[in-house]
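Quick note on labels: first sequence line is chain A, next is B, and so on, each numbered from 1.
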Amino acid sequence: DVKVTQSSRYLVKRTGEKVFLECVQDMDHENMFWYRQDPGLGLRLIYFSYDVKMKEKGDIPEGYSVSREKKERFSLILESASTNQTSMYLCASSFPLRGLTNTEAFFGQGTRLTVV
Amino acid sequence: QQQVKQSPQSLIVQKGGISIINCAYENTAFDYFPWYQQFPGKGPALLIAIRPDVSEKKEGRFTISFNKSAKQFSLHIMDSQPGDSATYFCAASIESNSGYALNFGKGTSLLVTP
């Protein structure tokens with residue numbers, strides 16, 4: 001029944017490390033997203049992808065990059081982790097909006113990343 | 001900047017009461033307005049959504065009211081239950097050639113007391 005799977009629930013990394021967060025969906029969705037969730041700030045979009053090898057910056061892309069080599073997999077990369085990137089990271093996927101009635105975005109359970 | 005403004009930040013309602021959460025937006029090009037519900041330790045899940053061509057949508061105890069001229073929409077939870085206690089996010093989106101992404105409000109933490 002699991003539709004969007006994030007590779008880790010909890011991660012602890014050191015400042016300066018390169019960090020990879022992996023997300024896989026099994027619904028053949030074109031769109032995939034990475035959000036971070038912080039108390040009082042809601043969900044903020046980091047990057048999204050509407051097709052393989054395609055990506056768009058969201059509201060807070062600084063310090064992050066993404067990779068989408070296969071339709072089902074979307075990776076978030078922290079090039080050099082910093083303490084202000086300690087957060088909950090949520091991956092989501094969906095069909096495109098246009099022409100379809102089912103526009104629901106499905107979320108993974110999140111990865112709580114702590115950078116020390 | 002936050003494209004969707006949500007209020008209140010937190011809400012306490014007695015069992016059986018009505019919970020009301022409000023959202024406002026500026027971009028008139030938005031054409032899809034969903035509400036997501038999130039329980040602790042879980043990712044958000046779609047609760048109900050509306051397109052701007054209708055003013056109201058009801059699904060069970062949950063209703064979205066949409067006011068296009070005021071650029072506002074709200075979630076009403078009738079007969080609120082303790083099981084409704086969760087964080088609620090409104091969102092807005094626009095389709096484009098490069099797909100779409102949801103712009104979320106900051107969330108409302110709802111507590112329904114017995």
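- Side-chain atoms of B/Ser69 and B/Asn67 form a donor-acceptor pair, as typed in the model, at a separation below 3.5 Å.
- From A/Phe33, atom CZ reaches atom OG of A/Ser93 across 8.0 Å, with rounding to the nearest 0.5 Å.
- Residue A/Gln6 does not touch chain B at all, counting heavy-atom pairs closer than 4.5 Å.
- Contact annotation for B/Gln38: only side-chain heavy atoms (C-beta onward) come within less than 4.5 Å of a heavy atom of chain A.
- Neither the backbone nor the side chain of A/Arg44 has a heavy atom closer than 4.5 Å to any heavy atom of chain B.
- For the residue pair A/Ser87/A/Asp38, the side-chain donor-acceptor check at 3.5 Å is satisfied.
- Remark: side-chain polar atoms of B/Ser55 are not paired, donor with acceptor, to backbone N or O of B/Phe66 under 3.5 angstrom.
- Interface residue B/Pro44: backbone and side-chain heavy atoms are both found under 4.5 Å from chain A.
- A side-chain N or O of A/Ser75 and one of A/Glu22 form a donor-acceptor pair less than 3.5 Å apart.
- Residue contact with chain B, scored on non-hydrogen atoms closer than 4.5 Å, involves the backbone and the side chain of A/Leu43 alike.
- Among B/Ala45, B/Ser109, B/Gly43, the residue with the largest count of heavy-atom pairs under 4.5 Å with chain A is B/Gly43.
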